[in-house]
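Below is one structure; the comments refer to it alone.
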2 protein chains.
Amino acid sequence: MTRIAESTVRRLSHYYRVLEEVEAEGGRLISSHRLAQREGITSAQVRKDLSYFGSFGRRGLGYNVVHLRHEIRWILGLDRRWRVALVGAGNIGTALLSYRGFAQQGFEVTAVFDRDPSRVGQRVGDLVVQDVSRLAAVAAEQAFDMGVIATTLASAQQVADALVAAGVRGILNFAPRKLFVPAHVALRTVDMAVELESLSFALSQARGPRRRVPGRGGSGGGR
Amino acid sequence: MTRIAESTVRRLSHYYRVLEEVEAEGGRLISSHRLAQREGITSAQVRKDLSYFGSFGRRGLGYNVVHLRHEIRWILGLDRRWRVALVGAGNIGTALLSYRGFAQQGFEVTAVFDRDPSRVGQRVGDLVVQDVSRLAAVAAEQAFDMGVIATTLASAQQVADALVAAGVRGILNFAPRKLFVPAHVALRTVDMAVELESLSFALSQARGPRRRVPGRGGSGGGR
DNA sequence: AGTACCGTGTGAACCTTTTCACAAGCGACC
DNA sequence: GGTCGCTTGTGAAAAGGTTCACACGGTACT
């Protein structure tokens, strides 16, 4: 079996979301075409994505909504609970805790850490913020599967190292920096600055491509 | 000139970040190789990315840090101010307001809206939260360039429509849903649920690929 | 049971992005 | 001023992802 493309996995998440909605609306069957429409992509893409994992549809009919949702649930590993350690109890951390689909899809934040003494001891949701120095000790008890880094830029790599040492196999990083982790640890980074800058680039395209200075390349000094 | 790949633009953001750091450290020149190392990619990628926009380096020497940073700054459109409307003053919205690099890179949030009456009138940062119904009126005065959607799932599309009507050319969406906007409006979506599910998938791969049921394809009823 | 219609699953074609590999430019040193 | 070592910029090759297009399987209706 070929390695599954990251883009395929992300679309699977979207299909899952659509299927939840369709199921709530009472739909029993859905065609790749309708599924695609709701995501703004092509039906061939949907069928190809699903085909990497099996044959879930019926020709001439489409996909059974409940069945397909369960299959994707299994594929994405949402049929189990993941113990998540959250590091950083600021706005982003708090946002995540109250995020729909977070607890709901099996991501269970079982501990929250922060470095700031003014935050340690505070309640967020059902949890009490602990000092980040306790990470290793708590991990020994709770065996976290994943860690979320919602700290400042400065401590991000350090926290990542601590999480890896604590045995997590996946990290979701909100700090705007490239983190280095061992190959056996999965890393996803959400960088709002990059997203904004990508928008900024798109909006700037209106003024036309970079005018190339006629003469020699660039640089200009550096002495 | 070929269309620039989204992935190239995102890497440009990262290069920019590295260059800021290197400049702060006092480095004057940097080779594509060193730049690549700090991002965990190959030097050919760096050179190719930059080559889409011009020739900024000097053979045998590398890139002038200050110069290259300025070029990328220009390319990404960070040399100007963008007026941003923030809709949704919850955790994510607030997080964005206090985000480093947000105001710093020229993204100026000039108004904050929310639907919740308990939030309207409150201060966040330097701004007072206004009712979302005032969006059109405020937009007429302030001419927003971009909008950020940090609302609940339910109102996201509605807010997107309102932002488009208000004349924004770019939208950053944090709601976990596919939004539909006209082609002339750039859209970027940050979906934390997708990121988590992608991690979940990666961690689940350990248990091996989906065991295919020997018999017929799937479905199982649907009557 | 035959015909008409529909929609999946998938090899092949196509397109995009990344990586390779090397000619050519540049500074340093003799 | 010639040689050496280093690094860019870029065509060409490779890899990766998406779209096409159609054979095949299935339902519905007569």
Side-chain angles (χ1 to χ4, degrees), chain A residues 1-12 14-15 27-65 67-68 71-72 198 210 212-213 215-223, chain B residues 1-12 14-15 22 27-37 39-65 67-68 71-72 198 210 212-213 215-223:
Chain A
M1 193 183 240
T2 343
R3 229 192 99 273
I4 304 298
E6 179 63 24
S7 48
T8 291
V9 176
R10 303 177 98 79
R11 281 191 299 267
L12 245 36
H14 287 122
Y15 302 156
R28 291 193 149 288
L29 288 167
I30 190 164
S31 65
S32 60
H33 186 68
R34 272 219 297 141
L35 190 40
Q37 244 175 358
R38 293 182 69 141
E39 279 302 314
I41 59 176
T42 72
S43 61
Q45 183 74 81
V46 172
R47 294 198 299 278
K48 187 59 110 178
D49 285 339
L50 295 176
S51 78
Y52 293 129
F53 301 97
S55 301
F56 307 123
R58 300 242 293 241
R59 298 178 185 218
L61 208 58
Y63 301 88
N64 176 302
V65 173
H67 175 66
L68 183 57
E71 289 287 352
I72 296 180
S198 157
R210 181 86 178 86
R212 302 283 285 273
V213 184
R216 50 200 274 281
S219 159
R223 199 162 342 134
Chain B
M1 195 184 239
T2 345
R3 228 192 98 273
I4 305 298
E6 178 64 23
S7 48
T8 292
V9 176
R10 302 177 98 79
R11 281 191 297 268
L12 244 37
H14 287 121
Y15 303 156
V22 172
R28 292 192 149 289
L29 288 167
I30 189 165
S31 66
S32 60
H33 185 68
R34 272 220 298 142
L35 190 40
Q37 243 175 357
E39 280 302 314
I41 58 177
T42 71
S43 60
Q45 184 74 83
V46 171
R47 294 198 299 278
K48 188 59 110 178
D49 284 339
L50 296 175
S51 78
Y52 293 129
F53 301 97
S55 301
F56 308 123
R58 300 243 292 242
R59 297 178 186 220
L61 210 56
Y63 301 88
N64 176 302
V65 173
H67 175 65
L68 183 57
E71 289 288 350
I72 295 180
S198 157
R210 181 86 177 87
R212 303 281 285 271
V213 184
R216 47 202 276 283
S219 157
R223 200 166 339 139

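Letters A, B, ... are given to chains in the order of the sequence lines, protein chains preceding strands, and every chain is numbered from 1. Reckoned from all heavy atoms, side chains included, excluding hydrogens, waters and symmetry mates.
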[N] phosphate, OP1 or OP2: any side-chain N/O from [X] under 4.0 angstrom?
X     : N      : answer
A:R58 : C:dC6  : no
B:S7  : C:dT18 : yes
B:Y52 : C:dT18 : no
B:R47 : C:dT19 : no
A:S32 : C:dT8  : yes
A:S31 : C:dG7  : no

By side chain to side chain donor-acceptor pair (under 3.5 Å) - contacts of A:S43 (at least two apart)
A:R47
Looking at residues at least two apart in the chain, or sitting in another chain, which of them share a side chain to side chain donor-acceptor pair (under 3.5 Å) with A:R10?
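Side chain to side chain donor-acceptor pair (under 3.5 Å) list for A:R10, sorted by chain: A:E6, B:E195.
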Does [X] reach the side chain of [Y], with side-chain heavy atoms less than 4.5 Å apart?
X     : Y     : value
A:I4  : A:F53 : yes
B:Y63 : B:L50 : yes
A:L68 : A:Y15 : no

Using whole Å, report how far [atom1] of [X] lies from [atom2] of [N].
X     : N      : atom1 : atom2 : result
B:L50 : C:dT18 : CG    : P     : 13 Å
A:L35 : C:dG7  : CG    : P     : 13 Å
B:I41 : D:dA15 : CD1   : P     : 20 Å
A:R3  : D:dG17 : CZ    : C1'   : 12 Å
A:L61 : D:dT27 : CG    : C1'   : 7 Å
A:F56 : C:dT10 : CZ    : C1'   : 15 Å
A:K48 : C:dG7  : NZ    : C1'   : 16 Å
A:N64 : D:dG26 : CG    : P     : 16 Å

Of the nucleotides [options], which has the atom closest to the [X] side chain?
X     : options                : value
B:Y63 : D:dG9, C:dT19, C:dG7   : D:dG9
A:Q45 : C:dG9, C:dG25, D:dT18  : D:dT18
A:R59 : D:dT27, C:dT18, D:dG26 : D:dG26

Using a heavy-atom cut-off of under 4.0 Å over every strand shown, decide if B:R34 touches base, sugar-phosphate, or nothing.
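No contact.
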Of A:E6 and A:A44, whose closest DNA chain D nucleotide lies nearer the 5' terminus?
A:E6
